[in-house]
J.: 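One structure follows; several queries about it will come next.
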Protein chains: 2
Amino acid sequence: MANYSSIAVENFIKAIYKYESRDGADTKSGTIATELGITHAAATDMARKLAAKNMVDYEKYKELKLTPAGKKLAVHVVRKHRLWETFLHQVFGLSMHEIHKEAELLEHATSDFLLDKISEYLGNPQFDPHGDPIPTKEGKVETSQASLSMVYAELNTSYKICRLRSSDEEFFDFCQANDMRLGTALTIKKRYPKTRMLEAELNHKTLLIHYDLAQAIHVE
Amino acid sequence: MANYSSIAVENFIKAIYKYESRDGADTKSGTIATELGITHAAATDMARKLAAKNMVDYEKYKELKLTPAGKKLAVHVVRKHRLWETFLHQVFGLSMHEIHKEAELLEHATSDFLLDKISEYLGNPQFDPHGDPIPTKEGKVETSQASLSMVYAELNTSYKICRLRSSDEEFFDFCQANDMRLGTALTIKKRYPKTRMLEAELNHKTLLIHYDLAQAIHVE
DNA sequence: ATTAAAATTTAAGTATGCTTAAATATGTGC
DNA sequence: GCACATATTTAAGCATACTTAAATTTTAAT
Ligand SMILES: [Mn+2]
Ligand SMILES: [Mn+2]
Ligand SMILES: [Mn+2]
Ligand SMILES: [Mn+2]
């Protein structure tokens, strides 16, 4: 009972981790509830249970914070998730929008033993197909990457795409149609804040991209 | 709610299927309980729930029987199980005793979409590494195989090993040490019923094999 | 500083999948 | 056919992970 975590717990901890390691960093129970598609009441409930298990620091009405034990679990599940995404993409040729959903299930059904085999088979990759770092077996996560969403990038500066953070089919349709991949060079030419659009130049073309979509495109 | 089955339900249905398709064919609730490592009370409980869902025919004190819907689910989960075993063995080189435990988890975390990819990748194999038939996508299972446990094989008749039905490490150690694989020829020379041993000749050697171990070795 | 809106927690209840203990039915030996 | 051992079911209860509805706190607007 001490060592095993349920699927619900793994997903909950992972959701906190996701929002903790973000610019906005909003880890209120409501955010987590929305992320997981459960009610606020259920999220509060789980937060208290995980606080009792020393996985989460919880004070009423405050943001949820992972304890070292919680963070360790989160990173471990993220490692499983990203290794599966890499595997599904490389070995079965699943497309970028398909891998996330499958990895979301497989991450909870993978022993540490099997995880090692997957990692070895892939040559211990450091990044998943989205460009996100794969935590090491020891739990280290590449944080040096000074990536930022292209929404916040400087004008008239040459960048390269380093992450495509989405699991939406339409998003990747758009990327493919415009030859936007990891490594593709681009420059932001102009911003239209009212309509929330950016004018970007890439592959000798000019594109108008809405902030909502640009959000998922990280550059460095 | 109609279409999704929990892990507990999938394992329960699969356990009934396993014992239904056996010589002894004992599918009393106690047998299933022991197979799954739960109490008899829990098994009875589940049997009644599944009867309400039309997956199992259940009459008090009688054997559990799968309905067509139950059998369909069982075969589908078995397909997932055996494809994963095949995949783990062929792609990651997991040994015979390791594949079962991993497949037992992965079978519940695999979409039909992913299952197709796995099957395709392997060239739609018909048998898993144990020699058990892999049900087709349409739910057909190769039943023609006139295999029987070597315990019941005739004396002085040449057979070939067609199944090695175990997930025990020692069992496969023994098999490997004596070059017993799928396809290996053997002849039963003598039976010692009191000590429950068989004398078998294979690979120009004579072996004394206990019934308990021989049970898992099927020949044809 | 009030007050209304929004977010969060509490309370009560449900479904699932288990447990232990007691009651009941089945089956075997004689 | 009876009695006892064995198997199965019933009953009561528990943990997990949710729900809806009501109460409470925070926050943001005026
Ligand atoms: Mn993902
Ligand atoms: Mn998940
Ligand atoms: Mn198996
Ligand atoms: Mn299983």
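Every chain is numbered from 1, with letters handed out A, B, ... down the list of sequences.
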J.: Classify the nucleic acid contact of A:F12 as base, sugar-phosphate or nothing, counting any heavy atom under 4.0 Å across all strands shown.
T.: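 Answer is nothing: A:F12 stays at 4.0 Å or more from every strand.
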
J.: Does B:S29 or A:A8 map to a spot on DNA chain D nearer the 5' end, using the closest nucleotide for each?
T.: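 Nearest-nucleotide comparison on DNA chain D picks B:S29.
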
J.: Find which nucleotide of DNA chain D each of B:H40 and A:D45 is nearest to by heavy atoms, and output the residue with the more 5' nucleotide.
T.: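 First, find each residue's nearest nucleotide; the 5'-ward one identifies B:H40.
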
J.: Does A:V9 offer a backbone N or O that forms a donor-acceptor pair with the side chain of A:S5 under 3.5 Å?
T.: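 Not a single qualifying donor-acceptor pair exists.
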
J.: C:dT9 C1' sits how many Å from A:I38 CD1, rounded?
T.: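 To the nearest whole Å, that distance equals 14 Å.
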
J.: Distance check needed: C:dT16 P versus B:H108 NE2, whole Å only.
T.: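 So the two atoms are 18 Å apart, to the nearest Å.
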
J.: Under the side-chain contact (heavy atoms from CB on, under 4.5 Å) criterion, do B:D212 and B:F171 qualify, and how do the steps go?
T.: CA-CA 10 Å; B:D212 287 350; B:F171 175 85; over 6 Å; no

J.: Report yes if at least one side-chain N or O of B:K60 is closer than 4.0 Å to OP1 or OP2 of D:dT10; otherwise report no.
T.: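 Yes, because at least one side-chain N or O of B:K60 sits under 4.0 Å from OP1 or OP2 of D:dT10.
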
J.: May I ask you to verify if any side-chain N or O of B:S6 is less than 4.0 angstrom from the OP1 or OP2 atom of C:dT16?
T.: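 So the side-chain polar atoms of B:S6 never come under 4.0 Å of the phosphate oxygens OP1 or OP2 of C:dT16.
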
J.: Check the phosphate of D:dT8 against B:T44, side-chain N and O only, distance under 4.0 Å to OP1 or OP2. Yes or no?
T.: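 No, B:T44 has no side-chain N/O under 4.0 Å of OP1/OP2 on D:dT8.
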
J.: For a quick check of understanding: with a heavy-atom distance under 4.0 Å over all strands, which category does A:K49 fall into, base, sugar-phosphate or nothing?
T.: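 The residue A:K49 makes base contact.
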
J.: Can a side-chain donor-acceptor contact be found between B:D57 and B:T67 if the only test is distance below 3.5 angstrom?
T.: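 Side chains of B:T67 and B:D57: no pair found under 3.5 Å.
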
J.: Just by distance, do the side chain of B:Y159 and the backbone of B:E154 share a donor-acceptor pair under 3.5 Å?
T.: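 It does hold such a pair.
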
J.: Specify the separation, in whole Å, of atom CD of B:E59 and atom P of C:dT26.
T.: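 One finds 11 Å between P of C:dT26 and CD of B:E59, rounded.
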
J.: What integer distance in Å separates A:I7:CD1 from D:dC18:P?
T.: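 Computing the A:I7:CD1 to D:dC18:P distance gives 10 Å.
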
J.: Which part of the nucleic acid, if any, lies within reach of B:A43 when heavy atoms closer than 4.0 Å are counted: base, sugar-phosphate only, or nothing?
T.: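 Answer is nothing: B:A43 stays at 4.0 Å or more from every strand.
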
J.: A:H97 and A:D173: side-chain donor and acceptor closer than 3.5 Å?
T.: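 Not at all, the side chains of A:H97 and A:D173 share no donor-acceptor pair under 3.5 Å.
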
J.: Relative to the 5' end of DNA chain C, which residue comes earlier, B:K28 or B:G37, by the nucleotide with the nearest heavy atom?
T.: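 So the residue in question is B:G37.
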
J.: Of all the nucleotides listed (D:dT19, D:dT26, C:dA25), which has the minimum atom distance to the side chain of A:Y61?
T.: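 Per side-chain heavy atoms of A:Y61, the pick is D:dT26.
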
